[in-house]
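Shown next, in structure tokens, is the structure this report addresses.
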Amino acid sequence: MIYLDNSATTKPDPKVLAAFLKVNEEFWFNPSSIHEGGEKANKLLESARAQIAGLLKTDSKSVLFTSGGTEGANFVLKQAAVDRESIGKHILISAVEHPSVLEVGKYLSTRGFEVEWLEVNTDGMVLVEELERKIRKDTSVISIQHINNELGTLQPIRDLVKVARARSRAVFHVDAVQSVGKIVVDFDSLPVDWITLSAHKFHGIKGTGIVACHSKIHLEPLIHGGGQEFGLRSGTTAVAQAVSTAKAFRIAVESLEQTSTHLARLKASLVSFFYEHPFVTVLTPASSAPHIVTIAVKGVTGEVLVNALEKKGIYVSTSSACSSKKTTRSHVLEAIGLSKELIDGVIRISMGKDTTEQDVQTLQDVMNEILRQLERNLKV
């Protein structure tokens with residue numbers, strides 16, 4: 001099997017699995033308990049929180065553990081919108097966000113908030129001029145992805161934050177789920193208010209995420225109960241998940257330079273290969289993450305391509321694994337104005353740290369066969 005669907009999920013690192021298993025075997029106690037077992041579990045929990053805070057360059061009290069990126073985005077956007085009502089009810093969200101953000105925006109628009117969508121160019125990028133046109137003094141929340149999960153587009157977050165700071169008092173949220181291990185993710189490189197992450201996107205365990213803020217948290221609780229996670233997300237904290245997430249994050253950061261260089265080299269090879277084929281349009285722009293190559297193939301559907309590649313033992317996805325089983329067209333592809341002729345023939349190839357040059361070469365060989373057959377069919 002050649003796995004090229006790393007934007008959907010990544011294989012857990014063996015060291016992460018070992019950490020997860022060890023904590024469950026030896027430190028399985030409730031971290032809220034006051035006996036020795038509970039104290040040891042709590043110490044591990046807070047150590048994991050401190051490690052993540054250090055990597056993100058923020059304070060430990062600004063890091064919350066969640067079930068993943070979707071919960072994190074829901075927490076930040078819903079709670080921040082209510083918390084900032086005194087400033088205004090105008091919310092700006094990019095038109096190419098992940099559904100976990102997009103659907104929250106739609107929900108808030110039914111609850112009395114004025115949600116406006118930031119349009120993108122043909123590369124899927126939010127231009128500074130677009131934010132300048134739509135931001136207002138009563139804009140209270142802004143949410144823009146760091147790396148688009150369908151195209152790999154890298155947003156100019158620093159430039160957009162400058163506009164937000166100069167023209168409003170809005171809190172700025174960034175979904176950086178696709179970024180860890182490929183691009184630097186911390187509050188120095190992303191000078192925003194909130195960052196949300198998901199462990200399974202950087203070789204961690206599914207069901208674990210991170211919500212972090214740059215300064216003191218001022219939000220209302222997401223879940224009421226026993227007061228865990230600083231009273232914001234009650235419920236017994238999963239220590240093993242927290243420890244394994246810290247482990248995965250640290251490994252990703254420590255190997256970032258090597259991994260990103262490796263991925264960029266593989267990506268360049270793929271892009272060069274696809275540019276040579278007249279039936280293929282490369283959708284991933286120049287300013288993009290090193291691990292994603294999204295293409296559109298004329299005359300065939302993405303589902304057919306995915307199935308054809310799977311028969312050869314190669315796993316890719318259509319534009320987004322989160323919505324690939326739905327019959328509706330991708331909102332991202334519609335937002336960039338992709339023609340109807342191409343929009344149904346899109347596949348996303350997303351590589352990971354374990355992807356080899358041979359994997360990419362095999363993909364190219366198989367794609368050559370598929371494209372030659374497609375060319376013959378179109379000439380008939």
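Numbering starts at 1 and runs along the sequence shown.
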Practice problem: Tell me, please, whether Tyr107 has Lys78 positioned over its six-membered ring: NZ or CZ under 6.0 Å from the ring centre and within 45 degrees of its axis? | Solution: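 Yes, a cation-pi geometry holds between Lys78 and Tyr107.
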Practice problem: Mark yes or no: Lys298 above the aromatic ring of Phe279, with NZ or CZ under 6.0 Å from the six-membered ring centre and no more than 45 degrees from the axis. | Solution: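 No cation-pi geometry.
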Whether [X] side chain and [Y] backbone form a donor-acceptor pair below 3.5 Å:
{"X": "Ser244", "Y": "Gln241", "answer": "yes"}
{"X": "Ser109", "Y": "Lys106", "answer": "yes"}
{"X": "Ser272", "Y": "Ala268", "answer": "no"}
{"X": "Ser168", "Y": "Ala170", "answer": "yes"}
{"X": "Lys134", "Y": "Trp117", "answer": "yes"}
{"X": "Ser198", "Y": "Gly68", "answer": "no"}
{"X": "Thr261", "Y": "Glu257", "answer": "yes"}
{"X": "Glu130", "Y": "Glu119", "answer": "yes"}
{"X": "Glu357", "Y": "Leu266", "answer": "no"}
{"X": "Ser143", "Y": "Ile93", "answer": "no"}

Quiz prompt | Test applied, side-chain contact (heavy atoms from CB on, under 4.5 Å); reference residue, Arg348; option that passes from Asn149, Leu151, Val316, Ile295 | solution = Asn149
Quiz item: If two hydrophobic side chains count as joined below 4.5 Å and joins carry through other members, does Val185 share a cluster with Phe172?
Solution: yes
Side-chain donor-acceptor distances from residues 285-293 under 3.5 Å, at least two apart:
unit_1	atom_1	unit_2	atom_2	d
Ser288	OG	Lys267	NZ	2.4
Ser288	OG	Pro285	O	2.6
His291	NE2	Gln178	OE1	3.4

Look at [X] together with [Y] and state whether they make a salt bridge at an N to O cut-off of under 4.0 Å.
{"X": "Glu129", "Y": "Arg133", "result": "no"}
{"X": "Lys61", "Y": "Asp59", "result": "no"}
{"X": "Lys22", "Y": "Glu25", "result": "no"}
{"X": "Arg372", "Y": "Glu369", "result": "no"}
{"X": "Glu114", "Y": "Arg136", "result": "yes"}
{"X": "Glu229", "Y": "Arg49", "result": "yes"}

For residues [X] and [Y], is any side-chain donor paired with an opposing acceptor at under 3.5 Å?
{"X": "Thr9", "Y": "His200", "result": "yes"}
{"X": "Gln258", "Y": "Ser255", "result": "no"}
{"X": "Asn307", "Y": "Glu303", "result": "no"}
{"X": "Arg250", "Y": "Gln51", "result": "yes"}
{"X": "Asp359", "Y": "Thr362", "result": "no"}
{"X": "Glu39", "Y": "Asn42", "result": "no"}
{"X": "Asn148", "Y": "His98", "result": "no"}

Quiz item: With Glu26, which residues qualify under salt bridge (charged side-chain N to carboxylate O under 4.0 Å, His left out), at least two apart?
Solution: none
Exercise. Step through the shown structure and confirm whether more than 12 heavy atoms of other residues, nucleotides or ligands are within 6.0 Å of CZ on Phe273.
Key: yes
Quiz item: Is atom CD of Glu85 surrounded by more than 12 heavy atoms (other residues, nucleotides or ligands) closer than 6.0 Å?
Solution: yes
Exercise. May I ask you to decide if the ring planes of Phe249 and Phe202 are parallel, tilted or perpendicular, using 30° and 60° as cut-offs?
Key: tilted
Self-check item: Under 4.5 Å side-chain linkage, directly or through intermediates, the cluster mates of Ile205
Solution: Val16, Leu17, Phe20, Ile251
